[in-house]
**Student:** 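Got a structure here, written out as structure tokens. Questions coming.
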Amino acid sequence: MDKISFEDVYAVVRLIPKGRVTNYGAIAKYLSLKGGARLVGWAMGALPAGSDVPAHRVVNSTGVLTAKNQFGGTRMQNLLEAEGIEVKNDKIVGFRKVFWNPEEELM
DNA sequence: CAGATGACTTATG
DNA sequence: ACATAAGCCATCT
């Protein structure tokens, strides 16, 4: 595939270990989409409900739960806390520590 | 085909 | 530190 598609993004998101999070830019970069962070977000937005894709583990570069609004309330934060991720003020505590870099972990 | 849109990122004032 | 602007790519209208 020359261009990325939903499944490419989903595949990476599915690989995110429990208790870890990543950002759109990292996924985009892993897919060779240097500045295509928006595409990742767009793919997430197209993510059908009931999918086995942990979209709640994907946040923006600052560790803020930008997608919590789309999850519909506190559902996203609840899921993250259930995995051991601390969330304060819609922002992930120690984001740099729980950050999961696909380029480093998957190589 | 051209313009608009988006769960983003980085740089600049 | 907050606000604004520009850059990025796939899809939609």
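Letters A, B, ... are given to chains in the order of the sequence lines, protein chains preceding strands, and every chain is numbered from 1. All values reported here derive from a predicted model rather than from experimental measurement.
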**Student:** Output the rounded distance in Å from CG (A:Leu31) to P (C:dA10).
**Tutor:**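 For the pair A:Leu31 CG and C:dA10 P, the rounded distance is 11 Å.
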**Student:** Measure CE/A:Met44 against P/C:dA10 and give the value in whole Å, please.
**Tutor:**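 Rounded to whole Å, this separation is 16 Å.
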**Student:** Going from NZ on A:Lys91 to CD on A:Gln77, what distance comes out if it is rounded to the nearest 0.5 angstrom?
**Tutor:**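 The distance works out to 13.5 Å.
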**Student:** Each nucleotide in nucleotides 8-13 of chain B should get exactly one letter: B, S or -. Can you fill that in based on protein heavy atoms under 4.0 Å?
**Tutor:** BS----
**Student:** Please round to the nearest 0.5 Å and tell me the distance separating atom OG1 of A:Thr74 and atom NZ of A:Lys68.
**Tutor:**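 The distance works out to 6.5 Å.
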**Student:** Roughly how far, to the nearest 0.5 Å, is OH of A:Tyr30 from CD of A:Glu104?
**Tutor:**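 A:Glu104 CD to A:Tyr30 OH: 12.5 Å, rounded to 0.5 Å.
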**Student:** Apart from A:Leu65 itself, what residues make up its hydrophobic cluster, given side-chain heavy atom links below 4.5 Å?
**Tutor:**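 Taking Ile, Leu, Val, Met, Phe, Trp and Tyr as members, A:Leu65 shares its hydrophobic cluster with A:Val21, A:Val59, A:Phe71, A:Met76, A:Leu79, A:Leu80, A:Ile85, A:Val87, A:Ile92, A:Phe95, A:Val98, A:Phe99.
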**Student:** In whole Å, I'd like the distance from the CH2 atom of A:Trp42 to the C1' atom of C:dC9.
**Tutor:**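 Nearest whole value for this atom pair: 11 Å.
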**Student:** Rounded at 0.5 Å granularity, tell me how far OG1 in A:Thr22 sits from NZ in A:Lys29.
**Tutor:**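 A:Thr22 atom OG1 to A:Lys29 atom NZ measures 11.5 Å (nearest 0.5 Å).
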**Student:** Could you check how far CD1 of A:Ile27 sits from P of B:dA7, rounded to whole Å?
**Tutor:**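 Rounding to the nearest Å, CD1 of A:Ile27 and P of B:dA7 are 15 Å apart.
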**Student:** Could you check how far CD of A:Glu7 sits from P of C:dA10, rounded to whole Å?
**Tutor:**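 Atom-to-atom, A:Glu7 to C:dA10, this comes out as 16 Å.
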**Student:** What does A:Ala55 touch in the nucleic acid at a heavy-atom separation under 4.0 angstrom: a base, only the sugar-phosphate, or nothing?
**Tutor:**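 It contacts base atoms.
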**Student:** Rounded to the nearest Å, what distance is computed from the CG atom of residue A:Leu39 to the P atom of nucleotide B:dA4?
**Tutor:**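 After rounding, the reported distance stands at 18 Å.
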**Student:** For residues 38-59 of chain A, which residue pairs qualify under salt bridge (charged side-chain N to carboxylate O under 4.0 Å, His left out), counting only residues two or more places apart or in two chains?
**Tutor:**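 Listed by first then second residue: A:Arg14-A:Asp52, A:Arg57-A:Glu83.
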**Student:** Measure the distance from CE on A:Met76 to C1' on B:dA7 and round it to the nearest whole Å.
**Tutor:**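 Nearest whole value for this atom pair: 8 Å.
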